[in-house]
Participant: 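Quick one: the structure is below, and I'll ask about it shortly.
Whatever order the structure lists them in is the order used to number ligands and atoms, beginning at 1.
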Amino acid sequence: AERKRRAAAVIEDVERSLATPTALLRSIADAMVTEMERGLRGDIHAQLKMLISYVDNLPTGDEHGLFYALDLGGTNFRVLRVQLGGREKRVVKQQYEEVSIPPHLMVGTSMELFDFIAAALAKFVDTEGEDFHLPEGRQRELGFTFSFPVNQTSISSGTLIKWTKGFSINGAVGEDVVGELSRAMERQGLDMKVTALVNDTVGTLAGGRYMDNDVVAAVILGTGTNAAYVEHANAIPKWTGLLPKSGNMVINTEWGSFKSNKLPLSEYDKAMDFESLNPGEQIYEKMISGMYLGEIVRRILLKLAHDASLFGDVVPSKLEQPFVLRTPDMSAMHHDSSHDLKILGAKLKDIVGVADTSLEVRYITRHICDLVAERGARLAAAGIYSILKKIGRDKVPSNGSKMPRTVIALDGGLYEHYKKFSSCVETTLTDLLGDEASSSVVAKLANDGSGIGAALLAASHSQYA
Ligand code: ADP
Ligand code: MG
């Protein structure tokens, strides 16, 4: 009974510290809009970098030719080639390959990482078949999706601001990532030109727009989280160049670095942040994204093991190991709807090393997964809502005109595979928008839109265009 009382006390405390009532989400969204505006002004203390992408035109559908894309930004990287057939034929053929990045390369040297990538790309190019056509005498061209914050200096160049998501490579910060990739391709004897350097959010936005003309923003919920959207060029005070003809500029918000005293930051978040590779940074990302959700759950279960002997008299040593509980496992436990939570029990045995957990322990574990996932999903919805507010698509126009159909392209393994998470994002967004406005807003899965988006941007910025 004493154990039960202690467990209940911990759980109550967790519920309180992770709570995200709708009113709080609204004030978080307001704080985010304020930070977006600061970022667009170029305030050096702004939390959201609001990076200028140099993409002032999104794909139209007219793009044609053979293009490659490379996507680096998480645990996997992906190479892709696509034959674009213009307005009539659209995507004639596409092929891709996924390669996982050996963990030691994520914390090694930049040359080793880029050599590994270029070698995989060269191998992929060697398998190009008859269905793909490169006009005589032309160089192959590539769109490079690089999902880390970059200070772009043009559509095809930019310097790395910092690593995130578990990458930590010395000497790469401040370097031109296209230069590094190009030199690695040369070392491989691969003749290819990088004509577009894009963040994955920008790639997803481009790919999303190609599929649906009403896409105005893209959100990634994967290993990390980030968003990009179409801004009016004249709403970007820090842009000092000529105004683009389109009047628009795609902005990469880098919203993962948002922090605010309004965010429900628990003791578990603080401890995880403190022990992370980037303490004090990416606070919003650490509450939302796939790299961290399972780890937050682990920390709460560990507390329950310590304070309330959740897994018996001794604290299971496996549970002490950071990141043993991965978000896909959390998702599997959370989705277990069997009457005896069999799957969850098996996962606990596997991961924590405790066989024969009681039904009650399993229910508690599932409840913790639910609390952590729900907080993440609701915070993500608040972020989406803040972008809609920023561009004035959060409510029906007051002049009586109809609200335009507004589509958000979403991608990332977390959103794609964690159903309870993605449905909570959607219901929360509907709740924040209200009935009337939400009927014009659509959240759409843009599965791997960033690869095709990067290829499309490579096409529209081709040296031959
Ligand atoms: P990245 O963000 O690294 O480019 P993805 O978009 O594929 O790659 O997202 C991968 C992330 O998605 C993983 O790190 C994991 O956190 C999350 N994820 C993948 N599968 C699942 C799943 N079944 N349930 C929950 N999260 C998942
Ligand atoms: Mg990705």
Participant: How would you list all residue pairs meeting side-chain hydrogen bond (donor to acceptor under 3.5 Å, both in side chains) that involve residues 117-127, not counting sequence neighbours?
Facilitator: R81-T127
Participant: When you pair each N or O of ligand 1 with protein N or O atoms, which pairs come out under 3.5 Å?
Facilitator:
residue	atom	partner	partner atom	Å
ligand 1	2 (O)	T223	N	2.9
ligand 1	2 (O)	T223	OG1	3.2
ligand 1	3 (O)	T223	OG1	2.6
ligand 1	6 (O)	G413	N	2.9
ligand 1	9 (O)	G413	N	3.1
ligand 1	12 (O)	L414	N	3.2
ligand 1	14 (O)	T223	OG1	3.1
ligand 1	16 (O)	G290	O	3.2
ligand 1	24 (N)	S331	OG	3.4

Participant: Holding to side-chain contact (heavy atoms from CB on, under 4.5 Å), I want the full list of residues that pass it with S460, two or more places apart in sequence or in another chain.
Facilitator: L457
Participant: Can you check whether K259's main-chain N or O pairs, donor with acceptor, with K262's side chain at less than 3.5 Å?
Facilitator: no
Participant: Does the R362 side chain pair with the main chain of T357, one donor and one acceptor, at a distance under 3.5 Å?
Facilitator: yes
Participant: Mind checking ring pair (Phe, Tyr, Trp, His ring centres under 6.0 Å) for F144 and listing every partner two or more places apart, or none if nothing turns up?
Facilitator: F146
Participant: Side-chain contact test, heavy atoms from C-beta onward, threshold under 4.5 Å: evaluate it for R378 versus T22 and give yes or no.
Facilitator: yes
